[in-house]
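Below is one structure, written out as structure tokens, with a few remarks after it.
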Amino acid sequence: MSVDQATVRRIARLARIAVDDAAVPHLQGEINAILGFVEQLNEVDVSGVPPMTSVTPMRMKKRADIVNDGGDAARILANAPAREDDFFVVPKVVE
Amino acid sequence: MTAHINPKKLIKGATGDWEVIIGLEIHAQVNSSAKLFSGSSTGFGAEPNSHVSLVDAAMPGMLPVINEECVAQAIRTGLGLNAKIHLRSVFDRKNYFYPDLPQGYQISQYKDPIVGEGKILVDVGPDETIEVGIERLHLEQDAGKSIHDLDPRNSFVDLNRSGVALMEIVSKPDLRSSEEAKAYVSKMRTILRYLGTCDGDMEKGNLRADVNVSVRKPGEPLGTRCEIKNVNSIRFIGQAIEYEARRQIGILEDGGAIDQETRLYDPGKGETRSMRSKEEAHDYRYFPDPDLLPLEFDQAYVDRLKAALPELPDVKKARFIADYGLSPYDAMVLTLEHESADFFEAVAKGRDGKASANWIINELFGRLNKEGILISASPVSADLLGVVIDRIADGTISGKMAKDLFDIIWRTNADPEAKTGRLNTREDIDVLIEATGMKQVTDTGEIEKLVDDIIAANPDKAEQARSKPGMLGWFVGQVMKSSGGKANPAAVSDLLKAKIGLE
């Protein structure tokens, strides 16, 4: 599996990462090297082996339905580049 | 799929009949105190960003921990939809970019949802019940809210909803008309409210639907579908489908083709329009969320939840038909909301089921709707309505008087100023009947005198009535009139027959 330059640009756009055209061939080479590396895994037959989700058998931790967080808008908005009262403000996005 | 083509549901086009195929994705907000993966509140209407934890705001390093009650609610819902519960399911990340999604992905379930296939029965009208297949139900996070109309150049973001648990319930494409789709959503809402797993409040956006619509000539393969996003009322769902089906038929009959796309319904204009084309919008790059282990529980856990489920609407409806002798339609109407069903059972206890149903459906529901009052706040309680029905049954008052009595009780108890005058007990009602002189005259002596007077005053008509029994109605009317409407009509009729010499 390998990616072409159009795919590199698309991945960058989906991830909202600015990539100028000059950098595309280099990134293409890097991504393809990684994919080639990962492709080696195909040499192992894993049919019938369930995906491993944890090294030791364990169950997902659950929380009780209790409100014990929130109520601190100041902390949530502390890093906001722009705010109005307690709203985050972003450039207009509307359909 | 071609199994149930009902000619009445087809839409007439210029080139013949068209069949509409509809599937729905319902997003139902889970009833819980805290969010799906954090301890902040799900409460509605709070100050902006006040119900937000660092997890909901997607601060680096924060880890989600699942709310067990949300899992239980999803399982209960699955059981209520007669669906298969998956003892192991997986959370995935659905990646997309939007300012009200601080994580940059929604935690959802993709290949392994918590609930699999099921089915529900839907009453489309008094005489038609259809079965609608459920494809799946999965748990996911809600996004925050963007507000576009507070500023000309900017959007404002409130993350209070961010991370609230949603159940996405996907139907099979089994619906064939806007009526069926509306009835399906309505039934789903009823089931969710019975289960207590979602409050079904569409005005608050707690239940909303994405509607998939395509059209085809009967018997042909499925057409290309369009998805109408985020419709938030049952009426709008119906209108959007009607518009969209006709739009597609128009395009196809003009020789065009349908583009698979996402559309929005504009209730003001009554039309759907294409959302700005986002060709990459559907590239969600799902993958299992590495922050969360698979969700696992055992069958015993499911069985415990199942044992504690309330009686569901279909079972209750069947019981009302069997135990109270109600018509299927009346039983359906009374079981739409469990509060109505409980009210009915309180009234019908030890009384005639049909009479109780009639009073609730015709008088009480009519009045509640007219005045926009919920049954839980009815000024006429189940006990008092029961007394009214008892007094008709024992002949104290007539049906007509009972309606007046009902009105008086309603107005007295609905008046917030009249605290002292509130009617609460059986005795209060009996005193009221006495005080208003509403009492029906059943004393045969009194009625007999009235009957005698009328016959004596109209000897020619009495003579006619002997050969023409239809005249009896005129006499009953005269006696009722002279009694001021208080005579018991059945007693009057019996006496007249005897006196005039009929039978």
Side-chain angles (χ1 to χ4, degrees), chain A residues 1 3-4 6-19 31 34-35 38 41 46 49-95, chain B residues 32-35 37-43 46-57 59 65-72 90 95-100 102 104 144 146-160 264 275-276 280 283 285 288 290 292-296:
Chain A
M1 189 185 166
V3 296
D4 58 15
T7 307
V8 172
R9 288 195 192 88
R10 184 154 154 270
I11 294 167
R13 195 159 56 248
L14 285 169
R16 272 25 181 214
I17 295 172
V19 172
I31 293 172
I34 295 166
L35 287 172
V38 173
L41 294 173
V46 292
V49 181
M52 188 179 78
T53 47
S54 121
V55 178
T56 52
M58 56 199 286
R59 288 249 167 153
M60 182 157 66
K61 213 172 131 75
K62 293 172 182 146
R63 65 162 67 235
D65 186 27
I66 294 166
V67 175
N68 56 12
D69 208 339
D72 194 353
R75 202 150 80 109
I76 295 301
L77 288 147
N79 297 314
R83 56 185 283 186
E84 182 75 44
D85 298 329
D86 281 340
F87 288 107
F88 291 94
V89 175
V90 298
K92 195 116 192 161
V93 274
V94 69
E95 281 296 339
Chain B
S32 64
S33 304
K35 294 183 180 180
F37 294 113
S38 84
S40 50
S41 167
T42 59
E47 289 298 309
N49 291 307
S50 64
H51 287 172
V52 185
S53 73
L54 296 177
V55 177
D56 311 317
M59 293 296 170
V65 180
I66 199 163
N67 179 340
E68 183 164 23
E69 176 62 10
C70 296
V71 175
V90 175
N95 298 278
Y96 68 96
F97 182 85
Y98 208 74
D100 59 23
S146 300
I147 302 158
H148 305 296
D149 56 4
L150 289 178
D151 186 286
R153 282 191 308 277
N154 296 305
S155 293
F156 289 13
V157 177
D158 171 12
L159 298 179
N160 281 350
L264 280 179
M275 286 174 74
R276 207 179 336 140
E280 282 157 358
D283 194 345
R285 294 151 291 147
L292 291 160
L293 284 163
L295 174 57
E296 291 174 292

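Any value given below was found using the heavy atoms of this structure, including those in side chains, with hydrogens, waters and symmetry copies removed. In what follows, chains carry the letters A, B, and so on, assigned in the order in which the sequence lines appear, proteins first and then strands, with residues in each chain numbered from 1. Note that the structure is a prediction, hence the values are computed from the model and not measured.
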Exercise. Is it the case that more than 12 heavy atoms not belonging to A/Arg75 sit under 6.0 Å from its CZ atom?
Worked result: no
Exercise. Side chains of B/Phe97 and A/Leu14: does their closest heavy-atom pair fall under 4.5 Å?
Worked result: no
Exercise. Counting only N and O atoms by type, is there a donor-acceptor contact under 3.5 Å from the side chain of A/Lys61 to the main-chain atoms of B/Val65?
Worked result: no
For this session: Would you sort out whether A/Phe87 and B/Leu150 count as a side chain to side chain contact (heavy atoms under 4.5 Å, CB included), showing the intermediate values?
Result: CA-CA 11 Å; A/Phe87 288 107; B/Leu150 289 178; 4.2 Å; yes
Exercise. What is the minimum heavy-atom distance between B/Leu293 and A/Ser54, and which atoms define it?
Worked result: CD2-CB, 3.8 Å
Problem set entry | B/Pro294 versus chain A, the contacting section by heavy-atom distance below 4.5 Å | both
For this session: For A/Asp65 and B/Asn67, test the side chains for any donor-to-acceptor distance below 3.5 angstrom and give the result as yes or no.
Result: yes
For this session: Would you mind reporting whether B/Leu295 and A/Lys62 have side-chain heavy atoms less than 4.5 Å apart?
Result: yes
For this session: Identify which of B/Ser146, B/Ser38, B/Ala57 forms the greatest number of heavy-atom pairs closer than 4.5 Å to chain A.
Result: B/Ser38
Exercise. If you count heavy-atom pairs under 4.5 Å between each of B/Val71, B/Val55, B/Val157 and chain A, which one has the most?
Worked result: B/Val157
Exercise. So A/Phe88 and B/Leu159, side chain to side chain contact (heavy atoms under 4.5 Å, CB included) or not? Walk me through it.
Worked result: CA-CA 9 Å; A/Phe88 291 94; B/Leu159 298 179; 3.6 Å; yes
Seminar exercise, completed: Applying a strict 4.5 Å limit to non-hydrogen atoms, the region of B/Asp56 in contact with chain A is neither
Problem set entry | Partner chain A: residue of B/Asn160, B/Asn49, B/Leu54, B/Val90 with the largest heavy-atom pair count (under 4.5 Å) | B/Asn49
Exercise. What part of A/Arg16 is in contact with chain B, defined as an atom under 4.5 angstrom from a non-hydrogen atom: side chain, backbone, both or neither?
Worked result: side chain
Exercise. How about B/Asp151 and A/Val89: do any of their side-chain heavy atoms sit closer than 4.5 Å?
Worked result: no
For this session: Calculate, to the nearest 0.5 Å, the distance between atoms CD1 and CE belonging to A/Ile76 and B/Met59 respectively.
Result: 5.5 Å
Exercise. Quick one: CD on B/Glu296 to CE on A/Met60, what's the gap to the nearest 0.5 Å?
Worked result: 8.5 Å
Seminar exercise, completed: Bottom line for A/Ile66: the part with an atom under 4.5 Å from chain B's heavy atoms is backbone
For this session: State the CZ-CZ distance between B/Phe156 and A/Arg83, to the nearest 0.5 angstrom.
Result: 12.0 Å
Exercise. A/Arg63 and B/Glu68: side chain to side chain contact (heavy atoms under 4.5 Å, CB included), yes or no, with the steps?
Worked result: CA-CA 6 Å; A/Arg63 65 162 67 235; B/Glu68 183 164 23; over 6 Å; no
Exercise. With respect to chain B, which residue among A/Leu77, A/Asp72, A/Val90, A/Asn79 yields the maximal number of heavy-atom pairs within a distance under 4.5 Å?
Worked result: A/Val90
Seminar exercise, completed: Max heavy-atom pairs within cutoff under 4.5 Å with chain A, candidates B/Ser53, B/Ser32, B/Pro48, goes to B/Pro48
Exercise. Given that the side chain runs from C-beta out, which part of B/Pro152 has a heavy atom under 4.5 Å from chain A: side chain, backbone, both or neither?
Worked result: backbone
Exercise. Does A/Asp85 reach the side chain of B/Glu47, with side-chain heavy atoms less than 4.5 Å apart?
Worked result: no
